[in-house]
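Single-structure report; data block below.
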Protein chains: 2
Amino acid sequence: MSVKKEKRLTSSMEDYLEAIVVLEKENGVARVKDISRMLNVKPPSVTSAIINLSEKGLVEHELYGYVELTLEGKKAALDVLRRHNVLFCFLAGILNVDPKVALEDACKMEHSVSPQTLENLEKFIEFVKDSSNQGKSGLLKSFTHFLKTGKRKRFSIGGIKQ
Amino acid sequence: MSVKKEKRLTSSMEDYLEAIVVLEKENGVARVKDISRMLNVKPPSVTSAIINLSEKGLVEHELYGYVELTLEGKKAALDVLRRHNVLFCFLAGILNVDPKVALEDACKMEHSVSPQTLENLEKFIEFVKDSSNQGKSGLLKSFTHFLKTGKRKRFSIGGIKQ
DNA sequence: AAGTAATGTTAGAAATCTCTAAGATTTGAA
DNA sequence: TTCAAATCTTAGAGATTTCTAACATTACTT
């Protein structure tokens, strides 16, 4: 009975998984060259990573061929992607951080955000965004105004206009 | 003229700086043993780190003596601490994440949050918190309620009661 | 003051992740 | 089909960070 001790994936390995799932979505398949370009690492680093992920049962790979996520790998990759997206939405959509910066931050923070924080962040986004049907909610408008001027504007949640 | 190329500090080195500044605040001085305990690493790791930080001009250290931050080191350490505190405030105070989890997350995320995100986060905290004089603001109460029940409650910002 | 306990350092090894250089395989063009 | 370009892998080295084991120093205790 080989009960593998599942160590948490490193940030690096999560990056590779994420790149692979994104490439699969974009191109149907993931190739070493594209992973390399996407992550700004050299091809040998990708090969090493693939061997590593393959030993963990997260990807399948034939020499000189494509890289494919296993079911488990896909699950892990989508989890990273979800963290990324939630963080990006919050940073760019609520905190009003420049999208380029928000992207960079999301790419780094996605590896350290806990499930609980992620869940509450998702709910917070829902809470803030759903409170307006069109574009920015009152809260968002008010905060954006506060960011620019330092002054508060009234706003409402729950459909009650002030 | 030796113009050192100042590479960004690694997460690890930031952790050491942060521990040192916290210990200095608590005990007046920082010692290897305490840094070791605070960061959950063995003493030789601390010694290595101190040598590293010392080469960067961020700490001073006499063999078998105390560790002290230089001016530059203190500046860097306080910067990390500020990131930590802002993140913790947001997670625990606004997102309603369990303080223990919020602490862990802050400790990890503090190394990857950009200045712009940090600044906007600080303003967001100010925006949300200052909108009530006593404890949780309307927004906070409303979000907490939403977290628990999934239902929205009306609230106000700007001192206007609904 | 001497010896023991506590603390700190040195040396050297292991894990992780990246790179360069060089060689292998595949693809595509003539 | 054969050769050149593109792609991928292997081998080996370097950086970073941690550890254990052994040794050095300092601080107590009596």
Side-chain angles (χ1 to χ4, degrees), chain A residues 4-20 23-24 26-69 76 80 107-108 110-112, chain B residues 4-20 23-24 26-69 76 80 107-108 110-112:
Chain A
K4 258 183 279 180
K5 181 165 283 175
E6 314 246 336
K7 272 188 293 185
R8 214 186 139 296
L9 286 170
T10 62
S11 304
S12 183
M13 290 308 121
E14 286 194 342
D15 281 333
Y16 285 104
L17 285 180
E18 193 182 11
I20 293 166
L23 287 167
E24 281 187 357
E26 274 179 10
N27 310 340
V29 296
R31 316 197 321 170
V32 168
K33 183 191 56 158
D34 299 319
I35 299 170
S36 161
R37 196 177 308 148
M38 181 169 280
L39 295 180
N40 269 302
V41 296
K42 304 294 177 189
S45 304
V46 177
T47 301
S48 294
I50 286 167
I51 290 168
N52 183 336
L53 291 172
S54 160
E55 283 166 354
K56 291 184 168 72
L58 300 173
V59 304
E60 281 182 4
H61 177 236
E62 252 179 305
L63 269 188
Y64 296 99
Y66 295 135
V67 186
E68 289 183 59
L69 293 166
V80 181
C107 280
K108 288 178 287 175
E110 70 193 13
H111 305 298
S112 44
Chain B
K4 257 182 281 180
K5 180 164 283 173
E6 313 246 335
K7 271 186 296 185
R8 213 186 141 295
L9 287 170
T10 61
S11 303
S12 182
M13 290 309 121
E14 286 193 343
D15 281 333
Y16 285 103
L17 286 180
E18 192 182 13
I20 293 166
L23 287 168
E24 280 187 357
E26 275 178 10
N27 310 339
V29 294
R31 315 196 323 167
V32 169
K33 183 190 56 157
D34 298 320
I35 300 171
S36 161
R37 196 177 309 149
M38 181 171 279
L39 296 181
N40 271 302
V41 296
K42 304 293 178 189
S45 304
V46 177
T47 300
S48 295
I50 286 167
I51 290 168
N52 183 334
L53 291 171
S54 160
E55 283 165 355
K56 292 185 166 73
L58 300 173
V59 304
E60 280 182 4
H61 177 235
E62 252 178 306
L63 269 188
Y64 297 97
Y66 296 136
V67 186
E68 288 182 59
L69 293 166
V80 181
C107 281
K108 289 177 284 173
E110 69 194 14
H111 305 297
S112 44

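Every chain is numbered from 1, with letters handed out A, B, ... down the list of sequences.
Atom CZ of A/Arg8 is separated from atom CE of A/Met13 by 12.5 Å, given to the nearest 0.5 angstrom. With rounding to the nearest 0.5 angstrom, the CG atom of B/Asn40 is 11.0 Å from the OG atom of B/Ser45. Rounding to the nearest 0.5 Å gives a distance of 14.5 Å between NZ of A/Lys42 and OG of A/Ser48. Considering CD of B/Glu110 and OG of A/Ser112, their distance stands at 9.5 Å, rounded to 0.5 Å. Summarising the geometry, atom CG belonging to B/Leu58 is positioned 6.0 Å from atom CG belonging to B/Leu9; distances are rounded to the nearest 0.5 Å.
Considering all non-hydrogen atoms of both residues, B/Ile50 and B/Val59 come closest at O-CG2, 3.7 Å. Nearest heavy atoms, B/Arg31 versus B/Tyr66: CD-CE2, 3.5 Å. Residues B/Tyr16 and B/Val41 approach most closely at OH-CG2, 3.6 Å, considering heavy atoms.
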**OP:** Any chance you could list the contact pattern along nucleotides 12-22 of chain C? Use B for base contacts, S for sugar-phosphate-only contacts and - for none, protein heavy atoms under 4.0 Å, 5' to 3'.
**Re:** ----SSBBBB-
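Residue B/His61 has a polar side-chain atom (N or O) positioned under 4.0 Å from OP1 or OP2 of C/dT9.
Bracketed by its first and final contacts, the part of DNA chain D lying under 4.0 Å from non-hydrogen atoms of chain A reaches from D/dT7 to D/dT10 in 5' to 3' order.
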**OP:** Check the pair B/Ile35, B/Ile20 against side chain to side chain contact (heavy atoms under 4.5 Å, CB included), reporting the backbone distance first and the verdict last.
**Re:** CA-CA 7 Å; B/Ile35 300 171; B/Ile20 293 166; 3.7 Å; yes
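Counting heavy atoms of neighbouring residues, nucleotides and ligands inside a 6.0 Å radius, atom CD of A/Glu24 exceeds 12 of them.
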Find every protein N or O atom lying less than 3.5 Å from an N or O atom of nucleotides 23-27 of chain C, and list the pairs.
none

